[in-house]
*Asks:* 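First the structure, then my questions, so here it is.
Index from 1, following the sequence.
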Amino acid sequence: MRTPICDEFGIEYPILAFTPSEHVAAAVSRAGGLGVLGCVRFNDTEELDRTLTWMDENTDGKPYGVDVVMPMKIPTEGTSTDLSSYIPEEHKKFVDETLLKLGVPPLPEGEGREGVLGWLHSMARSHVDVALQHRPVFIANALGSPPVDVIEQCHAGGLKVGALAGAPKHALSHVANGVDIIIAQGYEAGGHTGEIASMVLTPDIVDAVGPDVPVLGAGGIGSGRQVAASLALGAQGVWTGSIWLGTEEYRNLSANHSAWETAFTRATSADTVRTRVYTGKPARLLKTKWTEAWAEEGAPQPLPMPLQNLLVAEAHNRIVASNNPDVISMPVGQIVGRMNEVRPVADVMASLVAEFEEAVAALNKVNG
């Protein structure tokens with residue numbers, strides 16, 4: 001399993017793994033893929049700096065990447081306190097009443113957190129600045145093309161730039177702005193995603209951008225067979241995400257991991273929903289009593305980004321602390337139906353490679 005992406009990044013397998021966990025990202029890189037650390041959770045740039053220093057020291061000298069959340073257009077911003085004043089009381093009341101109805105207890109006195117400021121353009125720029133002080137080889141943007149000056153800044157630092165695209169026209173726009181690698185993220189994917197399924201989207205984007213622009217297939221990839229399928233559709237590699245939630249290393253992110261592990265190991269591929277309740281933009285989440293409450297008649301419409309995240313930030317903290325699998329709020333793709341056990345990252349990587357080889361061997365037999 002070797003494509004030009006492997007040579008570009010100095011990796012053994014063309015498997016990129018997006019994750020908010022530095023432990024998962026480092027383990028993927030050590031296992032021959034490219035771990036990509038999601039930076040959106042870092043409100044404190046010093047914490048991100050410490051985390052990337054840890055990545056520098058715990059990847060055995062192997063490459064890694066980072067992922068930011070930055071809109072192309074620069075919005076007007078304020079502090080989280082300023083922005084909170086734009087949240088209607090109706091929405092705050094709905095959240096409080098829903099948590100009460102679902103039996104989610106309040107946090108202990110003095111605990112809580114402000115909304116994830118990584119959704120703000122200015123914070124995402126600071127994430128880029130910090131990343132450039134370390135040694136990532138790749139930076140991806142979850143909201144499409146970053147502003148051109150940020151792309152140029154990354155290129156000057158020696159980084160390749162990737163951007164997620166949910167339609168061929170988006171991919172063409174990204175390339176015109178200077179993006180190096182397109183991540184064709186299909187409808188099946190967890191988190192922010194568009195409306196076109198991967199089987200259709202990947203070849204459409206590959207054909208649109210031409211042979212000189214590498215494309216990574218994303219969405220619905222949790223086995224070696226699916227890696228092989230993506231490469232057969234013209235991708236040079238795969239962008240994976242949800243499957244890493246089911247790893248032992250991911251447990252380092254929170255002490256309250258038993259609830260989400262119970263939730264995803266019992267879920268089927270039908271147990272997700274694409275909704276705006278998490279960030280204000282369409283994102284695929286695990287379907288739970290929390291997401292169902294927002295879909296009920298009389299529920300308010302989710303607010304635009306970043307207000308929705310600020311609205312539900314404390315609710316998410318309370319839900320995590322409650323450790324109740326029936327109410328968790330977690331982005332995950334339809335591949336969740338295959339996530340039936342918790343395994344070490346190295347085992348997941350080994351399975352992806354072995355299953356890929358088996359799939360290719362089977363196709364070779366079909367081909368005669």
*Asks:* Rounded to the nearest 0.5 Å, what separation is found between the CD atom of Glu357 and the CD atom of Glu355?
*Replies:*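 Rounded to the nearest 0.5 Å, the CD-CD separation comes out at 10.5 Å.
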
*Asks:* Can you hop from Val327 to Val273 via hydrophobic side chains spaced under 4.5 Å?
*Replies:*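 Different hydrophobic clusters.
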
*Asks:* Could you report the tightest heavy-atom contact between Ser329 and Leu285, atom names first, then the distance?
*Replies:*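 That would be OG-CD1, 4.3 Å.
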
*Asks:* Step through the shown structure and confirm whether more than 12 heavy atoms of other residues, nucleotides or ligands are within 6.0 Å of CE on Met199.
*Replies:* no

*Asks:* Show the nearest heavy-atom pair for residues Met70 and Pro147, with the distance to one decimal.
*Replies:*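 Answer, listing the atom of Met70 first, then Pro147: SD-CD, 3.4 Å.
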
*Asks:* With a 3.5 Å distance limit and no angle check, can you tell me whether Thr51 reaches the backbone of Glu47 through a side-chain donor-acceptor pair?
*Replies:*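 Here the side-chain-to-backbone pair exists.
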
*Asks:* Decide yes or no for Gln226 and Ile335: does some side-chain heavy atom of the first lie under 4.5 Å from some side-chain heavy atom of the second?
*Replies:* yes

*Asks:* Using modelled atom types and a 3.5 Å cut-off, is there a donor and acceptor pairing between side-chain atoms of Thr279 and backbone atoms of Asn309?
*Replies:*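 Side chain of Thr279 to backbone of Asn309: no pair is present.
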
*Asks:* Students often mix this up, so state it plainly: with edges at 30° and 60°, are the rings of His170 and His174 parallel, tilted or perpendicular?
*Replies:*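 Ring orientation of His170 relative to His174: parallel.
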
*Asks:* Above 12 or not: heavy atoms from other molecules or residues under 6.0 Å from CD of Gln301?
*Replies:*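 No - once you tally the heavy atoms of other residues, nucleotides and ligands closer than 6.0 Å, there are 12 at most.
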
*Asks:* Strictly by modelled atom types, are Ser126 and Asp129 linked by a side-chain donor-acceptor pair under 3.5 Å?
*Replies:*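 No - no donor-acceptor pair under 3.5 Å links their side chains.
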
*Asks:* Rounded at 0.5 Å granularity, tell me how far OG1 in Thr247 sits from CE in Met339.
*Replies:* 8.5 Å

*Asks:* Taking the side chain as C-beta and beyond, is there a heavy-atom pair between Ile182 and Val175 under 4.5 Å?
*Replies:* yes

*Asks:* Quick one: pull up CG in Leu201 and CD in Glu195 and give me the separation to the nearest 0.5 Å.
*Replies:*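 If I round to the nearest 0.5 Å, the distance is 12.0 Å.
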
*Asks:* Side-chain contact test, heavy atoms from C-beta onward, threshold under 4.5 Å: evaluate it for His257 versus Val342 and give yes or no.
*Replies:*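 Of all side-chain heavy-atom pairs linking Val342 with His257, none is under 4.5 Å.
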
*Asks:* To the closest 0.5 Å, what do you measure between CG (Leu233) and OG (Ser198)?
*Replies:* 8.5 Å

*Asks:* May I ask you to decide whether Arg266 forms a salt bridge with Asp326, counting only side-chain N to carboxylate O separations under 4.0 Å?
*Replies:* yes

*Asks:* Where do Glu89 and Lys92 land on the salt bridge (charged side-chain N to carboxylate O under 4.0 Å, His left out) test, with the steps shown first?
*Replies:* CA-CA 5 Å; Glu89 289 300 320; Lys92 296 177 182 177; 3.5 Å; yes

*Asks:* I'd like to know if Lys289 pairs up with Glu292 as an ion pair, taking the criterion as any Lys NZ or Arg NE/NH1/NH2 lying under 4.0 Å from an Asp or Glu carboxylate oxygen.
*Replies:*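 Salt bridge: no.
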
*Asks:* Start with the C-alpha distance between Phe9 and Ile181, add both sets of side-chain angles, then the distance that settles side-chain contact (heavy atoms from CB on, under 4.5 Å), and finish with yes or no.
*Replies:* CA-CA 12 Å; Phe9 291 131; Ile181 297 171; 3.5 Å; yes

*Asks:* Do the side chain of His127 and the main chain of Phe42 share a donor and acceptor less than 3.5 angstrom apart?
*Replies:* yes

*Asks:* Check whether more than 12 heavy atoms from other residues, nucleotides or ligands sit under 6.0 Å from atom NZ of Lys160, and answer yes or no.
*Replies:* no

*Asks:* Look at the side-chain heavy atoms of Ile, Leu, Val, Met, Phe, Trp and Tyr, link any pair under 4.5 Å apart, and say whether Val227 and Leu245 land in one connected group.
*Replies:*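 Same cluster.
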
*Asks:* Assess whether side-chain contact (heavy atoms from CB on, under 4.5 Å) is satisfied between Asn324 and Val104, documenting all intermediate values.
*Replies:* CA-CA 8 Å; Asn324 181 351; Val104 178; over 6 Å; no

*Asks:* Between Tyr278 and His192 (judged by ring centroids, cut-off 6.0 Å), do the two rings come close enough to count as a pair?
*Replies:*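 Distance test on ring centres: not under 6.0 Å, no.
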
*Asks:* Does atom CZ of Arg276 have more than 12 heavy-atom neighbours, drawn from other residues, nucleotides or ligands, at distances under 6.0 Å?
*Replies:* yes

*Asks:* Report the distance from atom OG1 of Thr202 to atom CD of Gln185, rounding to the nearest 0.5 Å.
*Replies:* 10.5 Å

*Asks:* Heavy atoms only: give me the nearest Ala25-Met55 pair and the separation to one decimal.
*Replies:* CB-CE, 3.7 Å

*Asks:* Do Tyr64 and Leu132 share a hydrophobic cluster (ILVMFWY, side-chain heavy atoms under 4.5 Å, transitive)?
*Replies:* yes

*Asks:* Is there side-chain contact between Asp180 and Pro214, with heavy atoms separated by less than 4.5 Å?
*Replies:*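 When only atoms from C-beta onward are counted, Pro214 and Asp180 do not touch, as no gap falls below 4.5 Å.
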
*Asks:* Taking side chain as C-beta onward, heavy atoms only, is Val95 less than 4.5 Å from Trp290?
*Replies:*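 Yes. Closest side-chain heavy atoms under 4.5 Å.
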
*Asks:* Ring centres under 6.0 Å, that's the criterion: do Trp54 and His23 meet it?
*Replies:* yes

*Asks:* Between Arg284 and Ser242, is there a side-chain donor-acceptor contact under 3.5 Å, judged purely by atom types and distance?
*Replies:*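 No pair is found: no donor N or O on one side chain lies under 3.5 Å from an acceptor on the other.
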
*Asks:* Is it true that a side-chain atom of Asn177 and a backbone atom of Val179 form a donor plus acceptor pair closer than 3.5 Å?
*Replies:* no

*Asks:* Ring centroid separation for Trp244 and Phe18, is it under 6.0 angstrom?
*Replies:*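 No: the rings miss the under 6.0 Å criterion.
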
*Asks:* Answer yes or no: is there a side-chain heavy-atom contact under 4.5 Å between Cys6 and Glu12?
*Replies:*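 SC-SC contact between Cys6 and Glu12 ruled out.
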
*Asks:* So do Gln308 and Val277 actually touch side chain to side chain, heavy atoms under 4.5 Å?
*Replies:*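 Result yes, sub-4.5 Å side-chain heavy-atom pair found.
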
*Asks:* Please test Gln153 against Leu159 for side-chain contact (heavy atoms from CB on, under 4.5 Å), starting from the C-alpha separation and ending with a verdict.
*Replies:* CA-CA 9 Å; Gln153 179 188 13; Leu159 278 70; over 6 Å; no

*Asks:* Given 3.5 Å as the limit, does a donor-acceptor pair link the side chain of Ser29 with the main chain of Ala26, or not?
*Replies:* no

*Asks:* Can a donor-acceptor pair be found, under 3.5 Å and without considering hydrogens, that links the side chain of Thr240 to the backbone of Leu16?
*Replies:* yes

*Asks:* Measuring only between side-chain heavy atoms, which start at C-beta, is Tyr250 closer than 4.5 Å to Pro20?
*Replies:*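 Yes. Closest side-chain heavy atoms under 4.5 Å.
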
*Asks:* Taking it one step at a time, do Ser21 and Asn252 satisfy side-chain hydrogen bond (donor to acceptor under 3.5 Å, both in side chains)?
*Replies:* CA-CA 8 Å; Ser21 164; Asn252 288 287; 5.9 Å; no

*Asks:* List the steps, then state whether side-chain contact (heavy atoms from CB on, under 4.5 Å) holds for Phe356 with Leu231.
*Replies:* CA-CA 10 Å; Phe356 171 87; Leu231 297 191; 3.7 Å; yes

*Asks:* Say whether, by atom type as modelled, one donor and one acceptor occur between the side chain of Thr193 and the main chain of Gly186 under 3.5 angstrom.
*Replies:*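 Yes, Thr193 side chain to Gly186 backbone: donor-acceptor pair under 3.5 Å.
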
*Asks:* Any sub-3.5 Å donor-acceptor pair from Asp96's side-chain atoms to Lys93's backbone N or O?
*Replies:* no

*Asks:* Quick one: closest heavy-atom pair of Gly217 and Ala235, and the distance?
*Replies:*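 Smallest heavy-atom distance, with atoms named: N-CB, 3.6 Å.
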
*Asks:* Closest approach of Arg30 and Asn58, non-hydrogen atoms and distance?
*Replies:* NH1-O, 2.7 Å

*Asks:* For Ala315 and Leu99, work out which heavy atoms get closest and say how close.
*Replies:*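 Nearest pair, atom of Ala315 first, then Leu99: CB-CD1, 3.8 Å.
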
*Asks:* Out of curiosity, Arg338 CZ to Ile221 CD1, how far, rounded to the nearest 0.5 Å?
*Replies:* 12.5 Å

*Asks:* Check the hydrophobic clustering (I, L, V, M, F, W, Y; side-chain heavy atoms under 4.5 Å; chains of links allowed) and say if Val130 and Val150 are grouped together.
*Replies:*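 Yes, Val130 and Val150 fall within the same hydrophobic cluster.
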
*Asks:* Linking I/L/V/M/F/W/Y whenever their side-chain heavy atoms sit closer than 4.5 Å, directly or via other members, would Ile205 and Val161 fall into one cluster?
*Replies:*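 In one cluster: yes.
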
*Asks:* Can you check whether Lys62's main-chain N or O pairs, donor with acceptor, with Asp60's side chain at less than 3.5 Å?
*Replies:*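 Flag not set: sc Asp60 to bb Lys62 has no pair under 3.5 Å.
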
*Asks:* Please check if the side chain of Arg343 supplies one atom and the backbone of Gly246 the other of a donor-acceptor pair under 3.5 Å.
*Replies:* no

